[in-house]
Engineer: 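Just passing along the structure, written as structure tokens.
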Amino acid sequence: TCIDQKNRSVAGLISEYSLASDVSFLAGPGNAFIKLDVKYLGFSDNSIPYQITVQTEDPPDGIFETEQNNTQATANSIKVGQTIEGSLFGKTDVDYFKIRLTKEQVVKVTLKKKDGSINDIALTCIDHKKRSVAGLISEYSLPSDVSFLAGPGNAFIKLDVKYLGSSDNSIPYILKI
């Protein structure tokens, strides 16, 4: 579990096999923490050896979603033309984004899962009258597009987990408006 400087769980994964697993999260300035614990040990009390590597890098040109953005009231603001990166953390995480529209217009949304995730993301477009008017399910790592008519006023994009299987891994994504 990755914990940011505000003590919020912001990303994570479950390493189920002897393969390398990566997770990224935005943090700082300040202390960030990585918590490791046993998810399933089976019938054994043996120790579980592991190797962990931590790297830091400057954020990309886009912006990152920030928690708590699980409701329309706490949605991250995004402007038309912006790209945002984020992660859905486990089966219950929901990410909302708010777009302020000054006139009625068609809004095109592109969603791409990062890192070849096999988990599915559901995207719902909500117009200025708070109606669900379009959506898609991103089943593969290819970009998926959807367009909808909204404005003037606030429109919302909602992302949530459609299928996560039996894991609580985070699902990284890129969203472009």
Engineer: Quick one: pull up OH in Y96 and CD1 in I157 and give me the separation to the nearest 0.5 Å.
Structural biologist: 11.0 Å
Engineer: Identify, with sequence neighbours excluded, every residue that meets salt bridge (charged side-chain N to carboxylate O under 4.0 Å, His left out) alongside D160.
Structural biologist: none
Engineer: When hydrophobic residues are tied together by side-chain contacts of less than 4.5 Å, even through go-betweens, does V146 share a cluster with V94?
Structural biologist: no
Engineer: Within the 4.5 Å heavy-atom criterion, are I84 and I174 side-chain neighbours or not?
Structural biologist: no
Engineer: Considering all heavy atoms of both residues, which atom of P172 and which atom of S87 are nearest to each other, and what is their separation?
Structural biologist: CA-OG, 3.5 Å
Engineer: State, with a plain yes or no, whether a side-chain heavy atom of L149 is found less than 4.5 Å away from one of V133.
Structural biologist: no
Engineer: So, applying salt bridge (Lys or Arg N to Asp or Glu O under 4.0 Å) with D127, which one of K130, R131, K129 is it?
Structural biologist: R131
Engineer: Mind checking side chain to side chain contact (heavy atoms under 4.5 Å, CB included) for T110 and listing every partner two or more places apart, or none if nothing turns up?
Structural biologist: K108, P143, D145, K176
Engineer: To the nearest 0.5 Å, tell me how far C125 SG sits from K158 NZ.
Structural biologist: 12.0 Å
Engineer: Check the hydrophobic clustering (I, L, V, M, F, W, Y; side-chain heavy atoms under 4.5 Å; chains of links allowed) and say if L88 and I78 are grouped together.
Structural biologist: yes
Engineer: Could you check whether any side-chain heavy atom of I137 comes within less than 4.5 Å of a side-chain heavy atom of I121, counting everything from C-beta outward?
Structural biologist: no
Engineer: Going by the rule side chain to side chain contact (heavy atoms under 4.5 Å, CB included), which residues pair with K79 if we only count those two or more places apart in sequence or in a different chain?
Structural biologist: Q82
Engineer: Are F156 and V107 linked, directly or through other ILVMFWY residues, by side chains that come within less than 4.5 angstrom of each other?
Structural biologist: no
Engineer: Output, in order, the C-alpha distance, side-chain angles, deciding distance and verdict of side-chain contact (heavy atoms from CB on, under 4.5 Å) for V80 and L101.
Structural biologist: CA-CA 9 Å; V80 173; L101 302 170; 4.2 Å; yes
Engineer: Should S144 and L136 count as side-chain neighbours, where that means a heavy-atom distance under 4.5 Å?
Structural biologist: yes
Engineer: Could you walk me through whether V161 and D120 pass the side-chain contact (heavy atoms from CB on, under 4.5 Å) check?
Structural biologist: CA-CA 6 Å; V161 177; D120 298 343; over 6 Å; no
Engineer: Hey, does N154 have a side-chain heavy atom less than 4.5 Å from the side chain of Q72?
Structural biologist: no
Engineer: Is there a side-chain contact between S147 and V106 (heavy atoms, below 4.5 Å)?
Structural biologist: yes
Engineer: Same hydrophobic cluster for I177 and I126, using side-chain heavy-atom links shorter than 4.5 Å among ILVMFWY?
Structural biologist: no
Engineer: What is the distance from atom CG of D95 to atom CD of E65, rounded to the nearest 0.5 Å?
Structural biologist: 4.0 Å
Engineer: Got a second to check how far F148's CZ is from S132's OG, nearest 0.5 Å?
Structural biologist: 10.5 Å
Engineer: Please find the pair of heavy atoms, one from T74 and one from N70, that lie closest to each other, and give the distance.
Structural biologist: OG1-N, 3.5 Å
Engineer: Which heavy atom of A75 sits nearest to which heavy atom of N69, and what is that distance?
Structural biologist: CA-CB, 4.4 Å
Engineer: H128 side chain to G153 main-chain N or O, any donor-acceptor pair under 3.5 Å?
Structural biologist: no
Engineer: Looking at N76 and F97, would you say the former's side chain and the latter's main chain have a donor-acceptor pair under 3.5 Å?
Structural biologist: no
Engineer: Quick one: pull up OG in S77 and CD1 in I99 and give me the separation to the nearest 0.5 Å.
Structural biologist: 10.0 Å
Engineer: Hey, what do you get for CG (L123) to CG (L175), rounding to the nearest 0.5 Å?
Structural biologist: 6.5 Å
